[in-house]
Amino acid sequence: MLDKIPPEVLTLIAYHSCLPTLLAPSTLLQTSRVIRDTISPSANPRLYARLYRTAFDTAAIERRLGEVNASQYTVELQRRVSSLYRLSRMVDRGDLTAIRDEDVWTIYLMLIENDGKNLEQLLDLNGILHLPTFLRLYHEQHLLAPALQPGYPAENIGRSLIMWIGWLLSQHNSGVPEPSVERDERLFVLRPYVFAPQQYEAYFAPWTILNLPLSSTTPRSSRASPYIADLSPKPRTVAINYFGKDTSICPPILSHAAILRFFTQAETSGRIAKTARPASENNVSVTESDSDDDDLLVAQRKDLLSSSLLHDRDFGRLLSCHDPFTCRGLKPSSWRGSMEGCWEGNFSFFDFDAFREMLAGQSRALYAGEFGEQHQVWRLKETFVRPKREQLQGRKGKSRAPPLTGPMTNAGFPTDVPSSTDAGLDTARAEVTTLNATIRQQLDAMVGYEIVPENEMDTAVDEDDGLEILVTGVGHSAWGRFILKGRVRAWDGLASLVKEYAPDSRGKWIYRGYVVAGDTFVGRWRDTFTPEAFIGYEGTFILNRR
């Protein structure tokens, strides 16, 4: 009798039959060949595409991937729902031993695509998977257990994704408080990823490389000593099935999410140790009484799952920067405005003796060493520069030598140029004068380059003809006032900035990091005294745009 029902009515019946579970109506499909040929996924992809649009968000997909047809939505619906049910069954059993990376990718991608519907499948009690319960099990079985073993926990795809999933969810206004015992455990688990810079990747390609992609003949370094830095470029490519296509991508950087989660939790739990002291080139001792900043940063939770637009640039970076040899990366226009403005946050420092013991192979020093934080404020200005027109003649299609040849511990700029602080930093007018003088110094170091006039910016960033992004700034912390100068690597948006205290020298440090979703600048600082080929004294930083 069902065979006599018009196809459009059968389709409507099948749609409502599928809604509760999002699974194909197996009982209905087995009724007859006519029905199967009418409502099966292969015969009626528009039905399943409609189901996808009902259950999941699509705005980010269409914005990032372009036009997606009904067959692609059908394939993704089947894959996604299968992953979620597989994870749900594992959670019900309380055993995540057989977890697959592809299933964790499903959750991560759903979060950065979320505009409301995706979260219902992950947080609502009527959804397919209860994400907080899943994360709690993963923490116990795949994060806490390895942290209790000797040595360093391995860095792998699943942990990278889970770290970001945890961070994104912790910034969502779900109203669910986190038990303090779990918070303490998580701080313990996160320590290696935060305080062992020699062990975990912090960049999509080594920070010492100015321009990418590289030739495949680029020599690779080897670590013959625990004190030698591993600066060899490596592909981070992972193949995933995404909307019916094999897609090359890389996982987000684990250490960034760990840094964000650690210091947000440490700050809110009131357990930051203040006894550790950073080591500087001039052996300056800084104590709590040195600080004249009473307005220490109070972390304000941003809902990073409120809009998928927040994650477009991060997703583009994962798609375009997974291999430093083959990926063309992103264009300078991707980073226009990303650094400009006022930033406020903290930098952290790990006990120097514990840091040294860790490098010597005593990994347990990571868990016992004390750390502290200092508040800082930055004001940054972007300057786009390009080769002068005569420099481009006859160079079309040919590679150009890097515009900077100085050491990367100085962001590529020469080290024999004195600090441009004659005007000082004590007043707003003096800051502007110093800022302009520093920009002029940066430009002078790039022979044959000129500043792009403001009225030509739109055309210049679109053409991307040798464009470089300079960043210059001033700021202050408890140590005093400082100037900042550096550049943004257009390939992946890596900002490298030298921070130099002036006029009285309290050390010189290089900051390297990325602006991620929510206008958060996260990364690591390093001393500039240790040659880049060796592991220097490092700490972390987080800055949020004011």
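Keep in mind that the numbers below use all heavy atoms, side chains included, and drop hydrogens, waters and symmetry copies. Remember, predicted model here, so these are calculated numbers, not experimental data.
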> Would Arg79 and Thr106 satisfy side-chain hydrogen bond (donor to acceptor under 3.5 Å, both in side chains), going step by step from the backbone distance to the final call?
Replying inline: CA-CA 9 Å; Arg79 188 203 64 77; Thr106 296; 2.9 Å; yes
>> Applying side-chain hydrogen bond (donor to acceptor under 3.5 Å, both in side chains) to Asp492 and Tyr203, what does each step give before you reach the verdict?
In response: CA-CA 9 Å; Asp492 61 345; Tyr203 316 101; over 6 Å; no
>> Between Ser338 and Arg313, is the side-chain hydrogen bond (donor to acceptor under 3.5 Å, both in side chains) condition met? List the steps.
In response: CA-CA 10 Å; Ser338 65; Arg313 190 164 54 194; 4.5 Å; no
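In this structure, CD on Glu468 lies 12.5 Å from OG1 on Thr383, to the nearest 0.5 angstrom. The distance from the CD1 atom of Ile39 to the CD1 atom of Ile13 is 8.5 Å, given to the nearest 0.5 Å. The structure places OG1 of Thr540 at 10.5 Å from NE2 of His256, a figure rounded to the nearest 0.5 Å. Separation of atoms CG (Leu305) and CE (Met110) is listed at 11.0 Å; rounding is to 0.5 Å. Atoms CG and NE2, from Leu87 and His130 in turn, are 14.0 Å apart once rounded to the nearest 0.5 Å. A distance of 5.5 Å separates CD1 of Ile162 from CD1 of Ile99, quoted to the nearest 0.5 Å.
A donor-acceptor pair under 3.5 Å is formed between the side chain of Trp525 and the backbone N or O of Ser348. Panel note: side chain Arg489, backbone Ile209; a donor-acceptor pair is recorded below 3.5 Å.
Scanning all heavy atoms of the two residues, the minimum distance from Ala205 to Trp491 falls at CB-CZ3, 4.0 Å.
Not less than 6.0 angstrom separates the ring centroid of His311 from the ring centroid of Phe315. For Tyr511 and Trp378, the ring centers are positioned less than 6.0 Å apart.
Side-chain contact check for Ser232 and Lys234: at least one donor-acceptor pair (N or O, by modelled atom type) lies under 3.5 Å. Side-chain N/O atoms of Arg46 and Thr11 include no donor and acceptor closer than 3.5 Å.
At a threshold of 4.0 Å, the pair Arg136-Glu185 does not count as salt-bridged, since none of the basic side-chain nitrogens sits closer than that to a carboxylate oxygen. Classification of Asp314 and Arg317 as a salt-bridged pair holds, one side-chain N sitting under 4.0 Å from a carboxylate O. Ion pairing of Lys117 with Glu120 is absent here, as no side-chain N (NZ or NE/NH1/NH2) approaches a carboxylate O to less than 4.0 Å.
Applying the ring-ring contact (aromatic ring centres under 6.0 Å, His included) test to every pair with at least one member in residues 41-64, sequence neighbours left out, gives these pairs: Tyr52-Phe56, Tyr52-Tyr73, Tyr52-Phe243.
When each of Met163, Glu201, Gln199 is checked for a side-chain contact (heavy atoms from CB on, under 4.5 Å) with Glu155, only Glu201 meets the rule.
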